[in-house]
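Contents: one structure, followed by commentary.
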Amino acid sequence: MKQHRLLTLPHREKKWASDRMKARKVVLFPTPGAGHLVAMVELAKQILHHSGHTLSITILQIHPPSTSPLNSSNTSTHVQAVAASGLDINFVDLPPSDYDPEGEGLMQTLSYIESQKPALSRTLTSISAVTTVSAIVLDMFCIGVAGVPAELGIPTYVLYTSGAAMLATFLYLPTLDMKYDRDFRELKELIHIPGRSPVPASAMPIPLQEKKSPSYQWFIRAAELYSKLDGLLVNTFEGLQPTPIKALTDGLCTPGSRTPPIYPVGPLLGLRPESPEHDCIKWLDRQPHASVVFMCFGSMGAFSPEQIAEIADGLERSGQRFLWSIRIRPSGASQFSEPEDVDPREVLPEGFLERTKEKGLVWPRWAPQVGILSHPAVGGFVSHCGWNSTLESVWFGVPMISWPLYAEQSMNAYELVNDLGLSLGVLMKEEGGGLVKGEELDKAVRSLMEGQEGKKVREKMKEAKNMARKAVEEGGSSYSALASLVQKWTKGH
Ligand code: UDP
C-alpha cells in the first residue's frame, strides 16, 4: 500500500492549532488517481489565491488498494512538491481502513472510499474543533461519503474532474434508465443527452453498460446524491463547452429533480515546467517546429503485443516524426493494475527502432506529458482522451486524434470530434476487441499532420487555446466563477 506520510499525528495537531489563527478552512477530499489528485491540488492553490490567503486548505488523502484504477504511483512527487512549497496546504492521511473491499476495479475503490466514513467523520470533527470549515470539496468519486459533512453542517461540493458533457450524461442517467429497459450494450441506437450530439450506446462508459451491475447501480444512486450538493465545480470553461454547460444550468439534465449550482472553474492543470535536461525534451529540441506526433495513453493505458506491432507499423508507414510513450501490462496482470515500464526491444517488431531512429523516440515509461505538449516541436497528439490530457492538449493548442481505451474516454472522443472539432477522428477497437490496424493509424496521422482536415482541427485548437487562457485570467469566466464561490466561503454561507 502506498503511503505519503507527510504529516504524522503530533504534527497534524500542531498544524491544526496554527490554523486557529485562520478564520476559515476549506477541506478537499480527492481520490489519488493522477487525473483527480492533480486537479484538486490545483484547485487548492487557486482557492488560496482567490481568498487572498485568508482561507487555509487541508487535503485529505486516502490509500485505496494498489489494484485500484484510481491509484497512481506517479502522483506522489507532485504531492511532495506541493507539501514542500510553503503554501498553506496541509496533507492529512485518513487512517487506512481495515476493511478489505470486495470486487475489482472502480467498484472496489468506491466501496473503499465509503469505508472511510468513520475516519472522515472523526477527522472533520477534530478540524472543526479548532477552525471553521467553510466547505468540503469531494472528488467526483467520493460522493458516497457526502452524508458525513452534511451531518456536521459543512457545505458540501464536488469537483467533477471530467468535462461538462460527461457531467450532463451522468446526471441524465436516471432519466435514460427510465427510458430504456435494456442495457446500453444491447442498444444499437444513438443516445440523446441534453447538451451534446447523440452518441452510440456502445460509447457509454463500461461501468454503465449493464443495468444490473453494481457500478451502474452506484452511478444511479450517485446522481441522486449529486442533486443535494451545495455546488458542482467542473474542470472545464465556458468557451470550451458552452452547450453542455447551458444544458446543465438550465436543469435539462435532471428533469424532475434539482441541479446544484454549476461552477466551470477550469482548466485546472498541474503545469510544472519540465527540466530541459529530460531526454524527451532534449530529443524534441532537435526536431523541426510542429513536426512530431506525440502518443500517450494516460495513467492506465497499455496495449497487447499485437496492437503494439500495428502501432509500430502505422507510425513507420506514416513517415512522420513521433514520440511514443509505451507501457505494458504483463500477461496475467489485472486489467485494473497500473501498466509497467518496458524494454522496447522486447515488445517492438524486430528492426523497428533501427529503421525509425532518425524519426522517432520510443519512451518506455511514464512520460513528462505536460513538458512534451508544451514543446514547439510537437504538432499532434494521439491520446486516449482522458479529460486531463484533453485539457492539456487544449492549453497548449495541440490538435488531437482520439484513441479511447477505458472509463469515459469514448464519450470524450466523440465529443472532441463531433461537437468541438478538436480531434480529427476516433480510432477504436472494433466491437469484440479487434485491433486498430496500422493502415488506420497511418492515414489518421498523415491527415492530422499534413492534410486539409488536420489544418481545420489545428485552427480550431488554436481558438480553444486562446479561450482557455482567457478563462483563467482575471475577469475570465473560470476566474470569476471560482472567485464568487471563494468569496462565499470566506464570508460563510
Ligand atoms: N500523464 C503523464 N505521463 C504519462 C501518462 C499520463 O504525465 O505517461 C499525466 C497526463 O499529463 C495527465 C494525467 O497523467 O495529467 C492523466 O490524466 P487523464 O485524465 O488524461 O487520464 P487518466 O490517467 O485519468 O486516464
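Residue numbers run from 1 in the order of the sequence given. Counting convention: from 1, in listed order, for ligands and their atoms alike. Computation of the quantities below employed the complete heavy-atom set of this structure, encompassing side-chain atoms and omitting hydrogens, waters and symmetry-equivalent molecules.
- Distances from ligand 1 to the non-hydrogen atoms of Arg327 include no value under 4.0 Å.
- Annotation: atom 20 (O) of ligand 1 to nearest protein heavy atom, Ser389 OG, 2.5 Å.
- When hydrogens are left out, the protein atom nearest atom 13 (C) of ligand 1 is Ala34 CB, 4.2 Å; that is the closest non-hydrogen contact.
- Counting protein heavy atoms only, atom 11 (O) of ligand 1 is closest to Glu392 OE1, 2.7 Å.
- Rounding to the nearest 0.5 angstrom, the gap separating the CD1 atom in Ile311 from the CZ atom in Phe352 is 9.5 Å.
- Taking every heavy atom of Tyr406 and a limit of under 4.0 angstrom, the matching atoms of ligand 1 come to 22 (P), 23 (O), 25 (O).
- Summary of contacts: the protein heavy atom closest to atom 19 (O) of ligand 1 is Asn388 ND2, 2.8 Å.
- The aromatic rings of Phe297 and Phe303 stand perpendicular to each other, their planes meeting at an angle above 60°, with 30° marking the opposite boundary.
- Scored by the side-chain hydrogen bond (donor to acceptor under 3.5 Å, both in side chains) test, Glu358 finds no partners at all (sequence neighbours excluded).
- A ring-centre distance under 6.0 Å is not found for Tyr112 and His63.
- From the protein, the heavy atom lying nearest to atom 23 (O) of ligand 1 is Ser299 OG, 2.4 Å.
- With hydrogens and angles left out, the side-chain atoms of Thr356 and Glu316 include no donor and acceptor closer than 3.5 Å.
- Ion pairing between Lys456 and Glu459 fails under the 4.0 Å rule for side-chain N and carboxylate O.
- In this structure, the separation between OH on Tyr160 and CG on Asp139 is 10.5 Å, given to the nearest 0.5 Å.
- Atom numbering of ligand 1 starts at 1 in the shown order; those under 4.0 Å from a heavy atom of Trp387 are 19 (O).
- Considering both main-chain and side-chain atoms, Thr390 never comes within under 3.5 Å of ligand 1 through any nitrogen or oxygen pair.
- Every atom of ligand 1 is numbered from 1 in the order shown, and the set under 4.0 Å from a heavy atom of His384 is 20 (O), 21 (O), 22 (P), 25 (O).
- Shown in contact with Gln409 at under 4.0 Å from a heavy atom are these atoms of ligand 1, numbered in order with element: 25 (O).
- Side-chain rings of Trp395 and Phe237 stay apart, their centers remaining 6.0 Å or farther from each other.
- Other residues, nucleotides and ligands contribute more than 12 heavy atoms inside 6.0 Å of the CD1 atom of Ile220.
- The closest approach between Cys296 and ligand 1 falls below 4.0 Å for a heavy atom of the residue.
- Counting the atoms of ligand 1 from 1 in the order shown, those under 4.0 Å from a heavy atom of Ala367 are 2 (C), 3 (N), 4 (C), 7 (O), 8 (O).
- Among protein heavy atoms, the minimum distance from atom 6 (C) of ligand 1 is reached at Trp366 CH2, 3.3 Å.
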